[in-house]
Colleague: 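Okay, handing you the structure first.
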Amino acid sequence: MNSILVTGGAGFIGSNFVRMILSEHADCLVVNLDSLTYAGNLGNLEGFMDHPQHKFVKGDICDGAGVEKLIDEYKIDSIINFAAESHVDRSLVDPGIFIETNVKGTLALLKAALDKGIGRFLQVSTDEVYGSLGSEGMFTEDTPLSPNSPYSASKAGADHLVKAFGHSWGLEYNITRCSNNYGPYQFPEKMIPLMINNALADKELPVYGDGLYVRDWLYVYDHCTAIWKVLTEGKPGEIYNVGGNNEKTNLEVIGLILERLGKDSSLITYVKDRPGHDRRYAIDSSKMMSELGWAPTVTFEEGIVRTIDWYLENAKWLETIVSGEYEKYYDSMYSGR
Ligand code: NAD
Ligand code: TYD
């Protein structure tokens, strides 16, 4: 049986990945290390916490000795690092924690992986490390890194460290760089669930700037299958871009949400723009497709309906998430904007 250490498996993408593995791959033990920050929630793993192939451990990726202990205890053969501070807006308010978790945390995992002779280290990265595009072109794996926000700078720093451990000491690694994900269990600080949550409550939908910023959206399940493909079939030392080939402006996405929920566009409110806001992301995933035979399976039109319906059917999950701390966060970010 393969034994995988998944970090950040109580967050949005990590929990979707853990669910996929436990549902589809009977030959894997998943050790799920998560410190349960505001973004980590055991409710995301409901129904899977007691699964015989799943061991949840509350802990910090910065604790190298703790990670080494887990590697020994569960005879870990690969590590997938999802754990991160992941929200650009928060990084513009408090960048320090992004360096702690995303850079120093990755470094601690890399040291542990090297000391313990881990067979494969997969770093879950983002297309945001490439910076911003104009109206033409796409990011390829050869695009130079040019991050613009403290979040993307910290992720780029981590990517460089992963490559350096491979180059200097032969650590077998892969890096995946994916575009914007959406789907079930996404924390409503990110655009799609935030707009769904606000529209459901007939609250204003805060659109940054002119709303014509472009993102390439990928349904989270398709990101998870890409990560599995790279882990099991990727060539060591290779970087793979992952995207949906599905560019939309923020206003187009918000329009679909309003339509599905039967709400009026008068909810749209233009607010002060994010500082240094990247205009456009678009990712070329042809390497994933031609070398690993991966392709997205969910169209945006299908995925957005599935996502909205999931939030409608999981009102209790959403209610728990948006109570308490979230309210304070929302007020501090959006009041007076
Ligand atoms: P998320 O914020 O929903 O989840 C992050 C998880 O990491 C949480 O469960 C949190 O508790 C955990 N965590 C944070 N600090 C930790 C620490 N020090 N030790 C252990 N656990 C810790 O993030 P997400 O959207 O699921 O993103 C997961 C990964 O995918 C991140 O590395 C992110 O950079 C990358 N990514 C995200 C997107 C996207 O659209 N969301 C796109 C591309 C890549
Ligand atoms: P986000 O979900 O934060 O992802 P990222 O910044 O990592 O791409 O934002 C997606 C897009 O939506 C981005 O262009 C910023 C915009 N946005 C808004 O217009 N209003 C909001 O309240 C948020 C959170 C995002």
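Just so you know, residue 1 is the first one in the sequence shown, and it goes up from there. Keep in mind that what you see is a predicted model, and the values were worked out from it rather than measured. When a ligand or atom number is given, it counts from 1 through the structure's own listing order.
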Colleague: Report yes if Phe82 has an N/O atom closer than 3.5 Å to an N/O atom of ligand 1; otherwise report no.
Modeller: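 Min N/O separation from ligand 1 is below 3.5 Å for Phe82.
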Colleague: If you count the atoms of ligand 2 from 1 in the order shown, which ones are under 4.0 Å from a heavy atom of His87?
Modeller: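 What qualifies from ligand 2 is 3 (O).
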Colleague: Are Tyr240 and Lys235 packed together at the side-chain level, in the sense that at least one heavy-atom pair is separated by less than 4.5 angstrom?
Modeller: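 In contact.
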Colleague: Are any of the N or O atoms of Glu85 closer than 3.5 Å to those of ligand 1?
Modeller: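 No; every N/O pair is 3.5 Å or more apart.
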Colleague: Between ligand 1 and Tyr38, is the shortest N or O to N or O distance under 3.5 Å?
Modeller: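 There is no such contact.
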Colleague: Check each atom of ligand 1 against the heavy atoms of Ser179 and keep those under 4.0 Å away; list them by number with element.
Modeller: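 Heavy-atom distances to Ser179 below 4.0 Å select 42 (C), 43 (C).
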Colleague: What is the closest protein heavy atom to atom 12 (O) of ligand 2, and at what distance does it sit?
Modeller: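 Heavy-atom neighbour on the protein nearest atom 12 (O) of ligand 2: Met191 CG, 3.2 Å.
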Colleague: Which protein heavy atom lies closest to atom 6 (O) of ligand 2, and at what distance to 0.1 Å?
Modeller: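 Ranking protein heavy atoms by distance from atom 6 (O) of ligand 2, first comes Arg274 NH1, 2.5 Å.
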Colleague: To the nearest 0.1 Å, how far is atom 19 (O) of ligand 2 from its closest protein heavy atom, and which atom is that?
Modeller: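 Its nearest protein heavy-atom neighbour is Tyr208 N, 2.9 Å.
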Colleague: Check this for me - ligand 1, Ala83, N or O atoms closer than 3.5 angstrom, yes or no?
Modeller: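 In fact, backbone or side chain, Ala83 has no N or O that close.
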Colleague: Of the side chain and backbone of Ser15, name the one, both, or neither that has a heavy atom under 4.0 Å from an atom of ligand 1.
Modeller: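 The answer is neither; Ser15 stays 4.0 Å or more away.
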Colleague: Does only the side chain of Tyr151 get under 4.0 Å from ligand 1, or the backbone, or both, or neither? Count heavy atoms.
Modeller: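 The answer is the side chain of Tyr151.
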Colleague: For atom 14 (C) of ligand 1, tell me which residue out of Val220, Val124, Thr37 has the closest non-hydrogen atom.
Modeller: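 Residue with the shortest heavy-atom distance to the ligand atom: Thr37.
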Colleague: Does any N or O of ligand 2 fall below 3.5 Å from an N or O anywhere on Trp217, backbone included?
Modeller: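 There is no such contact.
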Colleague: Check each atom of ligand 1 against the heavy atoms of Lys155 and keep those under 4.0 Å away; list them by number with element.
Modeller: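 Matching atoms, with element in brackets: 31 (C), 32 (O), 33 (C), 34 (O).
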Colleague: Is Tyr151 near ligand 2, meaning one of its heavy atoms is under 4.0 Å from it?
Modeller: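 False for this residue.
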Colleague: For ligand 1, does Leu36 get within less than 4.0 Å through its side chain, its backbone, both, or neither, judged by non-hydrogen atoms?
Modeller: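 The part of Leu36 near ligand 1 is the backbone, not the side chain.
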Colleague: Any heavy atom of Gly9 sitting closer than 4.0 Å to ligand 1?
Modeller: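 Contact check Gly9 vs ligand 1: negative.
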Colleague: For the pair Arg120 and Asp77, find out whether any cationic side-chain nitrogen is under 4.0 Å from an anionic carboxylate oxygen.
Modeller: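 So Arg120 does not pair with Asp77 through a salt bridge.
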Colleague: Against heavy atoms of Val88, which atoms of ligand 2 measure under 4.0 Å?
Modeller: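 Counting from 1, the qualifying ligand atoms are 6 (O), 7 (O).
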Colleague: Could you walk me through whether Phe300 and Tyr182 pass side-chain contact (heavy atoms from CB on, under 4.5 Å), step by step?
Modeller: CA-CA 10 Å; Phe300 188 71; Tyr182 68 103; 3.5 Å; yes
Colleague: Has ligand 1 got any nitrogen or oxygen that is less than 3.5 angstrom from a nitrogen or oxygen of Glu189?
Modeller: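 It does not: no N or O of Glu189 is found under 3.5 Å from an N or O of ligand 1.
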Colleague: Identify the residue among Asp159, Asp127, Asp142 that makes a salt bridge (charged side-chain N to carboxylate O under 4.0 Å, His left out) with Arg177.
Modeller: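 Single pass found, and it is Asp159.
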Colleague: May I ask whether Ala10 places a heavy atom under 4.0 Å from ligand 1?
Modeller: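 Yes, that is the case, since the closest heavy atom of the residue is under 4.0 Å from the ligand.
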Colleague: Just checking Lys116: does its NZ atom have more than 12 heavy atoms from other residues, nucleotides or ligands closer to it than 6.0 angstrom?
Modeller: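 Correct, the count exceeds 12.
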Colleague: Is Met333 close enough to touch ligand 2? Criterion: a residue heavy atom under 4.0 Å from a ligand atom.
Modeller: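 Checking ligand 2 against Met333, which is what was asked, there is no heavy-atom contact under 4.0 Å.
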Colleague: Can we say Arg306 and Glu302 salt-bridge, meaning some charged N sits less than 4.0 Å from an Asp/Glu carboxylate O?
Modeller: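 Yes, charged N to carboxylate O under 4.0 Å.
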Colleague: Compute the shortest N/O to N/O distance between Gly11 and ligand 1 and return yes if it is under 3.5 Å, no if not.
Modeller: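 Between Gly11 and ligand 1 (N or O atoms, distance only) the closest approach is under 3.5 Å.
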Colleague: May I ask you to say whether Glu85 pairs ionically with Arg90, meaning some side-chain N is under 4.0 Å from a carboxylate O?
Modeller: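 Salt bridge flag = no for Arg90 with Glu85.
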Colleague: May I ask you to identify the nearest protein heavy atom to atom 16 (C) of ligand 2, giving residue, atom name and distance to one decimal place in Å?
Modeller: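 Here the nearest protein heavy atom works out to Asn250 ND2, 3.4 Å.
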Colleague: Can you confirm, on distance only, whether ligand 1 has an N/O atom lying under 3.5 Å from any N/O atom belonging to Asp60?
Modeller: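 N/O-N/O distance below 3.5 Å exists for this pair.
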Colleague: A side-chain contact here means heavy atoms from C-beta on lying under 4.5 Å apart; do Lys155 and Gln123 qualify?
Modeller: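 Result yes, sub-4.5 Å side-chain heavy-atom pair found.
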Colleague: Taking Asp216 first and then Arg280, would you say they form a salt bridge - that is, a charged N and a carboxylate O separated by under 4.0 Å?
Modeller: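 Not counted as a salt bridge, because no side-chain N and carboxylate O are separated by less than 4.0 Å.
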Colleague: Please identify which atoms of ligand 2 are closer than 4.0 Å to at least one heavy atom of Tyr213.
Modeller: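 Numbered from 1, ligand 2 contributes 14 (O).
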Colleague: Which residue and atom name correspond to the protein heavy atom nearest atom 15 (C) of ligand 2, and how close is it?
Modeller: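 Among all protein heavy atoms, the one nearest atom 15 (C) of ligand 2 is His277 NE2, 3.4 Å.
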Colleague: Does ligand 1 have a heavy atom under 4.0 Å from the side chain of His87, from its backbone, from both, or from neither?
Modeller: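 Neither part.
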Colleague: One residue to check: Asp34. Relative to ligand 1, which of side chain, backbone, both or neither has a non-hydrogen atom less than 4.0 Å away?
Modeller: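 Both backbone and side chain.
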Colleague: Counting non-hydrogen protein atoms only, what is the nearest one to atom 7 (O) of ligand 2? Give residue, atom name and distance.
Modeller: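 Answer for atom 7 (O) of ligand 2: Glu128 OE2, 2.5 Å.
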